[in-house]
Amino acid sequence: MAMEMDHSFTVPVPPEQAWDVLLDVEKIAPCMPGATVDEFDGEVVTGRIKVKVGPVSLTYRGTAKFTERDPDAKVILLEASGKETRGAGTASATVRATLEPESDGEGTTASMHTTMNVTGRPAQFGRGVMIEVGSKLVEQFAQNLRRLITEDGAAGGNAAATATDAADGGTSAGQATAAAEADAEAEASGTTQDGPGSTQPSPVVPAAAVTPTPAAQPPAASADSINLVKLVGPALLKRVIPVAVVAAALALLGRRLFRRGAKG
């Protein structure tokens with residue numbers, strides 16, 4: 001079953017930063033539900049995607065390769081293919097992604113055009129269900145990616161603030177140490193800055209305490225599989241209910257015919 005899909009999502013960083021993030025395959029892989037990266041050599045990605053259809057679990061293993069990466073135009077072309085590990089089903093896709101700045105200049109819109117071909121059990125759901133599954137997956141991926149980028153930015157800001165606080169704390173500690181040494185010398189000579197002959201100790205300024213800033217928590221790992229029933233439950237029901245109604249009608253008709261035959 002072949003199909004084409006178009007999706008788009010936004011991330012809260014400019015295109016230059018979004019480009020670097022999207023090319024970091026191992027970092028963003030957990031943002032996609034069910035995806036696991038086994039190996040990445042800079043060009044080819046080897047991994048798995050686990051799909052659940054009710055109680056049935058399917059695992060696809062395959063590869064994806066960057067066939068085009070244009071940093072000036074911000075265009076990525078990816079070709080992927082995979083096969084069921086315990087079945088004859090296959091899946092292949094070509095994805096073209098482009099990055100464009102938003103009007104405010106602080107965000108990026110990522111647009112994706114996907115050409116996909118699926119065989120095996122998932123193809124039995126039909127093109128409409130598969131397109132809805134794709135939309136839900138992109139939505140979840142974009143949500144996880146935005147959280148990842150936001151938390152990375154917060155972690156970077158906290159690290160800078162902690163370094164600044166540490167530097168300020170070191171300066172205050174040095175000033176306090178110098179003051180303590182000056183007081184010690186004054187006491188040894190029998191005088192202090194308060195006046196000749198005074199024995200009152202001079203106040204010592206304590207070092208400024210540095211409050212550690214809690215590190216940002218890493219984004220929660222994505223689900224270990226794509227649950228098609230949870231993603232598109234209503235769509236599946238729309239397909240199952242008519243079949244169930246027809247089956248019930250046939251069963252009722254068959255029952256009536258059987259009774260008539262028995263009476264005759």
Between [X] and [Y], is there a shared hydrophobic cluster once you connect ILVMFWY residues whose side-chain heavy atoms come closer than 4.5 Å?
X	Y	value
F40	L23	yes
V95	L137	yes
F141	V133	yes

For residues [X] and [Y], determine if any side-chain heavy atom of one lies less than 4.5 Å from a side-chain heavy atom of the other.
X	Y	value
L22	L99	yes
E43	R69	yes
P12	T150	yes
T59	R86	no

To the nearest 0.5 Å, how far apart are [atom1] in [X] and [atom2] in [Y]?
X	Y	atom1	atom2	result
T114	D6	OG1	CG	7.5 Å
R61	T46	CZ	OG1	6.5 Å
Q140	K136	CD	NZ	8.5 Å
L148	Q143	CG	CD	12.5 Å

Side chain to side chain donor-acceptor pair (under 3.5 Å) with [X]: which residues, sequence neighbours excluded?
X	answer
R96	none
T109	none
T119	T90

Quiz item: If you look only at pairs with a residue in residues 16-37, which of them pass as a salt bridge (charged side-chain N to carboxylate O under 4.0 Å, His left out), with sequence neighbours excluded?
Solution: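 Those involving residues 16-37 are K27-D152.
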Practice problem: Quick one: list whatever passes side-chain contact (heavy atoms from CB on, under 4.5 Å) with V11, sequence neighbours left out. | Solution: F9, V13, A18, T108, L145, R146, I149
Exercise. State whether the side chain of E68 and the backbone N or O of L77 hold a donor-acceptor pair below 3.5 Å, judged by distance alone.
Key: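 Between the backbone of L77 and the side chain of E68 there is no qualifying donor-acceptor contact (under 3.5 Å).
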Exercise. Could you tell me whether the side chain of R127 and the main chain of E4 form a donor-acceptor pair under 3.5 Å?
Key: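 No, the answer is negative, given that no donor and acceptor are paired below the 3.5 Å cut-off.
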Practice problem: Any side-chain hydrogen bond (donor to acceptor under 3.5 Å, both in side chains) involving residues 70-81? Give me the pairs, sequence neighbours left out, ordered by first then second residue. | Solution: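 Applying side-chain hydrogen bond (donor to acceptor under 3.5 Å, both in side chains) to every pair that reaches into residues 70-81, excluding sequence neighbours, yields nothing.
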Self-check item: Which atom of S135 lies closest to which atom of H7, heavy atoms considered
Solution: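 Minimum heavy-atom contact is OG-NE2, 3.3 Å.
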Quiz item: For the residue pair P15 and G107, what are the closest heavy atoms and their distance?
Solution: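 Closest approach of P15 to G107, heavy atoms only: CD-O, 4.3 Å.
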